[in-house]
Amino acid sequence: QVQLVESGGGLVQPGGSLRLSCAASGLIFRRYTMSWYRQAAGKERELVADISSAGSSTNYADSVKDRFTISRDNAKNTVTLQMNSLKPEDTAVYYCNARRVISGWGPSDAWGQGTLVTVSS
């Protein structure tokens with residue numbers, strides 16, 4: 001069974017920083033694209049950032065570009081989201097995602113249970 005466990009969420013003031021971590025198990029971590037998604041109250045889940053299996057390529061939502069940084073450590077099976085200059089609009093439950101495309105079978109996804117980030121003064 002694939003397990004993704006997020007940590008690092010909490011309450012932070014606007015302009016502050018927070019670092020989220022995701023620990024993965026039950027998979028060959030280096031084979032998977034890793035992503036962070038978030039879902040705010042009353043809104044759809046959206047992609048925040050992703051990073052390729054080798055860590056050579058990253059992608060960010062326009063709303064977090066230049067403020068958030070995604071990284072991974074394939075030796076420790078972890079992916080991290082460093083969040084700086086946080087805004088109230090960043091308040092959401094943040095989810096870790098692991099994805100792999102298998103030839104002839106399509107994509108395979110695994111999700112963590114999420115960690116709540118609240119940005120408020």
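In what follows, residues are counted from 1 in the order of the sequence shown.
The distance from the CZ atom of R100 to the OG atom of S108 is 8.5 Å, given to the nearest 0.5 Å. Distance CZ/R45 to CG/N97: 8.5 Å, rounded to 0.5 Å. Rounding to the nearest 0.5 angstrom, the gap separating the CD atom in Q39 from the CG atom in L116 is 12.0 Å. Between L11 atom CG and L18 atom CG the span is 9.5 Å, to the nearest 0.5 Å. A distance of 8.0 Å separates CG in N74 from CZ in R30, rounded to the nearest 0.5 Å. Atom CG of L27 and atom CG of N77 lie 7.0 Å apart (nearest 0.5 Å).
Partner of I51 under the side-chain contact (heavy atoms from CB on, under 4.5 Å) criterion, chosen from N59, T69, T58: T58. R99 pairs with exactly one of T33, D50, D109 by the side chain to side chain donor-acceptor pair (under 3.5 Å) rule, that one being D109. With V48 as reference, Y94 is the one residue of Y94, Y95, Y60 to meet the side-chain contact (heavy atoms from CB on, under 4.5 Å) rule.
Remark: S52 engages S56, S57 in a side chain to side chain contact (heavy atoms under 4.5 Å, CB included) (not counting sequence neighbours).
When every heavy atom of L4 is checked against every heavy atom of C96, the shortest pair comes out as CD1-O, 3.6 Å. Between R67 and L86, the shortest heavy-atom contact is NH1-CA, 3.9 Å. Taking each heavy atom of V79 and M34 in turn, the nearest pair found is CG1-CE, 3.9 Å. Residues A49 and L81 approach most closely at CB-CD1, 4.3 Å, considering heavy atoms. The nearest pair of heavy atoms linking S17 to Q82 is CB-NE2, 4.0 Å. T91 and A40 make their closest contact through O-CB, 3.5 Å (heavy atoms, listed as atom of the first residue, atom of the second, distance).
Remark: the backbone N or O of S25 is not paired with any side-chain donor or acceptor of Q3 at under 3.5 angstrom.
Heavy atoms of other residues, nucleotides or ligands lying less than 6.0 angstrom from CD of Q113 number 12 at most. Counted within 6.0 Å of NZ on K65, heavy atoms from surrounding residues, nucleotides or ligands total more than 12; the atom is thus considered enclosed.
Proximity of K76 to F29: side-chain heavy atoms (C-beta onward) are nowhere separated by under 4.5 Å. Within the 4.5 Å cutoff, no side-chain heavy atoms of L20 are placed close to those of S7. No side-chain heavy atom of F68 sits less than 4.5 Å from a side-chain heavy atom of N84. Residues S120 and P88 are not in side-chain contact: their nearest non-hydrogen atoms beyond the backbone lie 4.5 Å or more apart.
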**Request:** Evaluate the criterion side chain to side chain contact (heavy atoms under 4.5 Å, CB included) for residue pair V117 and M83; output intermediate values, then yes/no.
**Result:** CA-CA 10 Å; V117 172; M83 305 184 294; 3.9 Å; yes

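Using a 4.5 Å cut-off between side-chain heavy atoms of Ile, Leu, Val, Met, Phe, Trp and Tyr, V101 forms no hydrophobic cluster with any other residue.
In this structure, R38 pairs ionically with D90, as a charged nitrogen and a carboxylate oxygen lie closer than 4.0 Å.
Of the N and O atoms on the side chains of D73 and T78, not one donor lies less than 3.5 Å from an acceptor on the other residue.
In this structure, the ring of W111 has its center less than 6.0 angstrom from the ring center of Y37.
Cation-pi geometry between R72 and Y32 is not met: the NZ or CZ atom fails to fall both under 6.0 Å from the ring centre and inside 45° of the normal.
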